[in-house]
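When reading the values below, keep in mind they use all heavy atoms of this one structure, side chains included, and skip hydrogens, waters and symmetry mates. All figures in this text were calculated on a predicted structure; none of them were measured in a lab. A note on names: the letters A, B, ... follow the listed sequences, proteins ahead of strands, and every chain is numbered from 1.
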Amino acid sequence: MALYTEQTLKVHNSLSGSKEVFTPIHEGHVGMYVCGPTVYSNVHLGNCRTFMSFDLIFRYLRHLGYKVRFVRNITDAGHLEDDADEGEDKIAKKARLEKIEPMEVVQRYTVDFHNILQRFNLLSPSIEPTATGHIVEQIEIIKVIQDRGYAYEKNGSVYFDVIRFNQDYEYGKLSGRKLEDMIANTRELTAQDEKRNPQDFALWKKAEPQHIMRWPSPWGEGFPGWHLECTVMSTKYLGDTFDIHGGGMDLKFPHHECEIAQAEASNDQPPVRYWLHANMLTLNGKKMAKSTGNNLLPGEIFSGENNILSKPFSPTVVRFFMMQAHYTSILDLSDDALLAAEKGYNRLMEAMDQLPDLPAGKSSDFDVAAWRQRCYDAMNDDFNSPVLIAQLFEGVKAINLARDEKQSLTPGDRDLLAQTMEAFVHDVLGLEKSLGQTRETEKLEGVMKLVIELRNQARANKDYHTSDQIRDTLSELGIQLKDGKEGTTFTL
RNA sequence: GGCAUCGUGGCCGAGUGGCUAGGCACAGCUCUGCAAAAGCUUGUACAGCGGUUCGAAUCCGCUCGAUGCCUCCA
C-alpha cells in the first residue's frame with residue numbers, strides 16, 4: 001500500500017485561493033510542471049528558493065508513493081534581444097561579448113544553474129525541455145489559436161487577442177484581475193503599436209535585424225513569445241490537463257495567466273488543476289536588486305566572498321534555513337537568520353549521528369507513532385516544512401534523552417524513530433551532512449581520538465592545566481569537545 | 001494609481017475564533033574539576049484604529065508599512 005492512500009494531502013491552490021485536498025487525475029501518478037529559469041545570467045538566489053520549494057514538493061509526493069513526472073523547462077530563446085543596457089560597464093561588456101553566440105550564453109548559464117541546484121541537493125526533474133527544442137510545436141499551437149479566432153497577425157508578428165478571448169473565457173481568473181479594470185488602468189496605445197489592445201501579448205514576434213535568435217515560420221523569420229513555450233512543453237509531456245503547475249509568485253501575472261489563456265484558446269479546457277506559487281526571498285528586508293547592491297549569488301554565500309554576511313554558509317545550511325519558512329511566505333535572508341539556522345541545523349545533524357547506536361529499553365516514554373503522524377500532518381498541510389522541522393526537533397529531544405538514558409525507547413520505537421527521522425531529514429527535506437568525507441577527515445578522526453585520550457589521561461591525573469590547554473587550543477581552532485556519558489566527542 | 005500577498009515576543013519564523021509551534025539569543029537549574037555539549041524551566045508577542053462575537057492576534061472595515069506584479073516590453 002502506498003503511503004498516499006493513508007495520508008490526506010492538502011495544497012494551497014492559487015486558482016481558488018484556498019487549501020484543497022489533492023487528488024491526481026490518474027491515481028498514483030502526478031504530473032507537475034514548474035517554470036524554469038531563463039539562462040542568460042547566473043542563477044539568482046531567489047530563483048533557487050523557488051526551485052527548492054518545488055523540490056520539497058517533488059520529494060514529498062515521491063515519498064508518499066506517487067510516481068511523479070516532473071517537468072521543468074529551460075528558457076533559452078526570446079530573451080536575448082539587445083537591451084541597450086550600455087550604462088553597465090562590466091555586465092554590458094560581458095553581455096555584448098556573450099552575444100557573439102547565444103548558445104554559448106545558454107550553455108554557460110545552464111551549466112551554472114545545474115551546478116548550483118546540485119549543490120543545494122535538488123533532485124533532477126524527469127524532463128528538462130528547452131524552448132528552442134520546441135519551436136515547431138509552438139508554431140503549430142499558434143496556428144490553432146489563430147484558427148479558433150483568438151489571435152491576429154500584424155507585420156509578421158502574431159498577437160493573442162485578450163478581449164476576444166475574454167468574451168468566451170475568463171482572462172484574469174488566476175491573479176484575480178478583471179479585464180475591464182485593466183483596460184481602465186492602461187494608457188493609450190502609441191501610434192506605432194501593432195497590438196489592438198495593450199493587454200494583448202505576443203505569440204510570435206518578428207525578428208528585427210539585430211535579433212540573433214530567429215526561426216522561419218508561416219509569418220516570416222521570428223521567435224516565439226515567452227508565454228508560449230510553457231503552454232507547449234507542459235501539455236506535450238503532461239497532457240492537455242495536468243495536476244500541478246508551479247512557479248514563482250512573480251510569474252502569476254501575466255505569465256501564468258497567459259498560459260491559461262493560450263491553453264484554453266487552443267484546447268478549450270483548463271490546463272491545470274492545482275496552481276502552486278512560491279513566494280519571494282528578500283535580503284535584509286529588501287528586495288534583491290543588482291542595481292542597489294542588495295544582491296547575493298549562491299556561490300558568494302558558499303565562498304563567503306560578499307560584503308553582506310559575516311562568514312560562508314554551506315548549501316545545506318542555506319537549504320535548512322529556507323525549509324524553516326513556508327514556501328508561500330516571503331522569507332528574509334540575513335546574517336543573523338543564517339547564523340541561527342546553522343546552529344539549529346548542527347543540532348539536528350548531531351542528533352542524526354546518534355541514531356545508529358541509540359540504546360533501547362523495555363518501555364517507551366515517547367509516543368513515537370503519534371509523533372510520526374504529526375510529521376505527516378505537517379507535510380500534508382500544504383507542505384508545511386517549518387512545522388515539520390519543529391516536530392523533528394521533538395525527535396531530536398527524544399534522541400538526546402535516550403542517548404543520555406534519561407528516557408527510554410523500546411527497540412521497535414527506536415527503529416521507527418530512526419527511520420522516520422531519516423526519511424524526513426534526508427528524503428523529504430533533502431538535508432545532508434556537509435559533505436567532505438575524505439581521507440583527511442579520516443586522519444583527523446584518528447588524531448582527535450588520540451588527543452581526546454591524552455586529555456582524559458590528564459584529567460584523570462587532575463592535570464587540569466594540560467587538559468584545559470588541549471580543550472582551549474582546539475576550541476580556538478574551531479573544534480569543540482563535548483564530554484558526554486559515553487565519552488568525549490568533537491564537532492568542527 | 002491598480003491587483004495580489006503579508007505585517008507575530010530580542011532575532012528568524014509557524015499557527016489559530018477560546019486550550020498560546022519550533023529554532024537562535026538571554027536567564028535559572030541539573031550535569032561537570034571548571035566549562036562546553038546535553039537535559040529541564042521561564043518568556044502571555046501577534047502594526048494601529050474601529051466593528052462582529054460570550055470571547056479575536058485569528059472574521060469584517062479603514063489607516064499605516066513591506067514585498068511582488070501591472071500602468072514600457074517580451
A:R49 atom CZ is separated from B:U5 atom C1', nearest whole Å, by 12 Å

Counting distance alone, no hydrogens or angles: does the base of B:A35 have a donor or acceptor under 3.5 Å from a partner atom on the side chain of A:D483? yes

Among B:G39, B:C69, B:A14, which is the nearest nucleotide to the side chain of A:N384? B:A14

From B:G33, B:U5, B:A38, pick the nucleotide closest to the side chain of A:R459? B:G33

At 4.0 Å (heavy atoms only), tell me whether A:D468 reaches a base, stays on the sugar-phosphate, or touches nothing. base

Name the closest nucleotide to the A:R471 side chain, picking from B:C34, B:C73, B:A38. B:C34

Would you mind building the protein contact string for nucleotides 59-67 of chain B? One character per nucleotide, 5' to 3', B for base within reach (heavy atoms under 4.0 Å), S for sugar-phosphate only, - for untouched. --------S

Indicate whether OP1 or OP2 belonging to B:U5 is found under 4.0 Å from a side-chain N or O atom of A:S329. no

Side-chain contact check for A:A325: nearest option of B:C70, B:A14, B:A74 is B:A14

Over 60° means perpendicular and under 30° means parallel, so tell me whether A:Y60 and A:F383 are parallel, tilted or perpendicular. perpendicular

Tell me, which stems hold RNA chain B, with a stem being 3 or more Watson-Crick or G-U pairs in a row and both distances under 3.5 Å? B:1-7 with B:64-70, B:10-12 with B:22-24, B:27-30 with B:38-41, B:47-51 with B:59-63

Among B:C40, B:A14, B:A74, which nucleotide has an atom closest to any side-chain atom of A:Y159? B:A74

Whether the A:N197 and A:Y159 side chains hold a donor-acceptor pair (N or O, under 3.5 Å, no angle test) is what I'd like checked. no

Ranking A:Y327 and A:G176 by the position along RNA chain B of their nearest nucleotide, the one closer to 5' is A:G176

Of the nucleotides B:C73, B:C70, B:A4, which one has an atom closest to the side chain of A:P254? B:C70

Can you check each nucleotide of nucleotides 16-23 of chain B against protein heavy atoms at under 4.0 Å and return B for base, S for sugar-phosphate only, - for none, in 5' to 3' order? -----BSS

